[in-house]
Amino acid sequence: MRASQFLLSTLKETPADAEVISHQLMLRAGLIRRVAAGIYTWMPMGLRVLRKVEQVVREEMDRAGAQELSMPVVQPGELWEESGRWSKYGPELCRFTDRHERDFCLGPTHEEIITHLARSELKSYKQLPMNFYQIQTKFRDEIRPRFGVMRAREFLMKDAYSFHADMASLEQTYWRMHEAYSAVFSRLGLDFRPVEADTGSIGGSHSHEFQVLANSGEDDIVFSTDSDYAANIELAPALPPAGERPAAQSALEKFATPGLTTIEDLVSAHDIAIEQTVKTLFVLDQDEQLVALVLRGDHRLNEIKAEKLAGIGAPLRMADQATVKTRVGASFGSLGPVGLDTRIVVDHAAAHLADFVCGANEDGMHFSGANWDRDVANYECADLREVVAGDPSPCGKGTLEIRRGIEVGHIFQLGTEYSQAMNASVLNEQGKSVPMVMGCYGIGVSRVVAAAIEQNHDERGIIWPRPMAPFEVALVPLNMAKSEAVATTTEQLYSAFSEAGLEVFLDDRNERPGVKFAEMELIGIPVRVVIGDRSLAEGKVEIASRAGGEAELIDIDAALATVQQKLA
RNA sequence: CGGUGUGUAGCGCAGCCUGGUAGCGCACUUCCUUCGGGAGGAAGGGGUCGGAGGUUCGAAUCCUCUCACACCGACCA
């Protein structure tokens, strides 16, 4: 490809609304352009990268025995009615009607369509297992699209769906896909971790996320220092503290805390250890009744855990201040479990405290020396808090570390949720009709591109992992218009490289050297070959890797071999 | 969805408070010089200031409405 025939559209300045580095660099390098919030055009350079990722994904899916197909973006509402998701899926589902007033939506995912296909095409257990995938545009009307293609509304996803006669078969395919996903992200040169995850709105029993480690990630993931244990923080259990709760030493005493409405204010004003305080949050249960959730002052509530408590349910609804004031008699900031007549659920760490400080359910007042059982009779214990760095790992080995991750893949064991709702069954060996067992597997293809940049860049621009690079080698002739020797050598190399199967980008523009260097580095092409009169006088060209290291002067005859070796 | 903020040329911004009919840098066009790290000079093209309404002799500037976009928040009691 010649630059003179290619839309090379770089920006010297960073667009003001791009927050994260990948978004900035994708705009500056001319990979994408915004059309509307969360909706982007992939320019020629960007599309080449996207296709590279697709290619790796496609190869690994094929290798894992999945078959590629293509399903529609526009989906009939009636299939979503069947699965029950037409009403359950929130405003993220973009719905509309056609000219006949029939309901349709833009596919945010394709369980309904694939299940519809499977039920009409698969009739016998003998046809199973079967695994289908597609690489296709999805639309989710995100509340808050951000970070460019990282959280876009329209995005490219690889989604796969497997069908099985029994759980054992699903289990087998699930782990085969787990392996395939690891292969994909390894081949793309990403630093990633598979982590245990919540199954969320897709439903099902068992699930792993594939997280690319990056500070700009939107998920917290936890690892054990001493084992393979890794999980999304949403799911990581906090172990109850070891040993017996210390015995009560102090009497319950009320003290005035006017104007102190946060734990931070309270502990600094009265010189109390934050670990000796508890805070009380109120949520609404399914019968609209208040439930008190009690945590140690320095801990955070894990909403997923709270949603899983009996009688609570998702989504978690926090009680508003007015309701709490009416029912309990105090405002936020002065709440506590002592003397409370609502249901009380106490996190294990809070339940392990003796002589703790808590709100007195009277504005501007707190208790010190509070104790469970003695001062609070009816309460239950549960794991409610988010784990923190340094907690013992739930696997029993080591302690937990927390890092940020970008979710680029997610695999689920769905079970029979969709096949039952949509009546997708096969005849088993006994001639009995049984619902097919399903798995589903997603990769955010466009998000992978952004995630790769988050992990691979420097102050000059993108440093593509080789398998993702839009071109493998950049030919940069200097002063080609005037120098016959430069022009001839450049054309020779261009032909030789192209014939050798390399993807070559020839910067044949009549630009100054500095411009060409800066732009090639911004775009991040892995290897650069500079052809200039200076080195040509010695029969050499200059070859450098984008990733770093010194540029080398190489004989023209050896240029191809050197480039290939740098790419290997 | 709530809060905050911003919309002036393709991009980055100034002008707005103290109304008088638009400016800078980059990019773009032409010419000259330059040519190993985002060149220098000269001459140009391009916007009626997100949109609508209002106040005024006069509105980018003041007022009202509206649209769009961004950031923060959506447990931390």
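Chain letters run A, B, ... following the sequence lines, proteins first and then strands; every chain starts at 1.
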Check your understanding: Expressed in angstrom and rounded to an integer, what is the separation of A:His299 atom NE2 from B:rC75 atom C1'?
Key -> 15 Å
Point to revise | Under 3.5 Å on both distances, the Watson-Crick or G-U partner of B:rC62 | key: B:rG54
Check your understanding: Hey, does A:Arg528 reach any base, or is it just sugar-phosphate, or nothing, if we go heavy atoms under 4.0 Å?
Key -> base
Practice item. Please determine, for the side chain of A:Met318, which listed nucleotide (B:rA70, B:rC76, B:rA77) has the closest atom? Key: B:rA77
Check your understanding: Across all strands, who's sitting opposite B:rA39 as a Watson-Crick or G-U wobble pair, both distances under 3.5 Å?
Key -> B:rU33
Check your understanding: Using the ring of each side chain (for Trp, its six-membered ring), is A:Phe6 parallel, tilted or perpendicular to A:Phe505, with breaks at 30° and 60°?
Key -> perpendicular
Practice item. Find the partner of B:rA68: check Watson-Crick (N1-N3 plus N6-O4 or O6-N4) and G-U wobble (N1-O2, O6-N3) distances, both under 3.5 Å, and reply none if neither fits. Key: B:rU6
Check your understanding: Thinking salt bridges, do A:Asp391 and A:Arg385 make one under a 4.0 Å N-O criterion?
Key -> yes
Check your understanding: Where the side chain of A:Lys279 is defined as all heavy atoms beyond and including C-beta, which of B:rG38, B:rC76, B:rA39 is the nearest nucleotide?
Key -> B:rC76
Point to revise | Counterpart base for B:rG73, defined by Watson-Crick or G-U wobble contacts under 3.5 Å | key: B:rC1
Exercise for review: Please determine if A:Glu511 and A:Lys516 form a salt bridge, counting it only when a charged side-chain N lies under 4.0 Å from a carboxylate O.
Suggested key: no
Exercise for review: Whole angstrom is fine here: how far is it from CZ in A:Arg509 over to P in B:rC35?
Suggested key: 19 Å
**Study point:** Selected nucleotide, minimal atom distance to A:Lys12 side chain, candidates B:rC75, B:rC26, B:rG12
**Key:** B:rC26
Review point. Which residue lies toward the 5' end of RNA chain B, A:Asn479 or A:Arg146, if each is placed at its nearest nucleotide?
Key: A:Asn479
Point to revise | Euclidean distance, atom CG of residue A:Asp507 to atom P of B:rG36 [Å, nearest integer] | key: 15 Å
Revision key, fill the gap. With the side chain defined as heavy atoms from C-beta on, A:Pro15 is closest, among B:rG37, B:rC11, B:rC71, to B:rC11
**Study point:** Complementary nucleotide of B:rA14, counting Watson-Crick and G-U pairs under 3.5 Å
**Key:** none
Exercise for review: Nearest whole angstrom, please: distance from the P of B:rG12 to the CD of A:Glu13.
Suggested key: 8 Å
Check your understanding: Of A:Glu19 and A:Leu536, whose nearest nucleotide on RNA chain B comes first from the 5' end?
Key -> A:Leu536
Exercise for review: Using the test side-chain hydrogen bond (donor to acceptor under 3.5 Å, both in side chains), find all partners of A:Arg153 that sit at least two apart in sequence or belong to another chain.
Suggested key: A:Asp141
**Study point:** A:Asn361 CG to B:rA77 C1', straight-line distance once rounded to whole Å
**Key:** 11 Å
Practice item. Would you mind listing every salt bridge (Lys or Arg N to Asp or Glu O under 4.0 Å) that reaches into residues 359-378 of chain A, with sequence neighbours excluded? Key: A:Arg245-A:Asp373, A:Lys254-A:Glu362, A:Lys325-A:Asp363
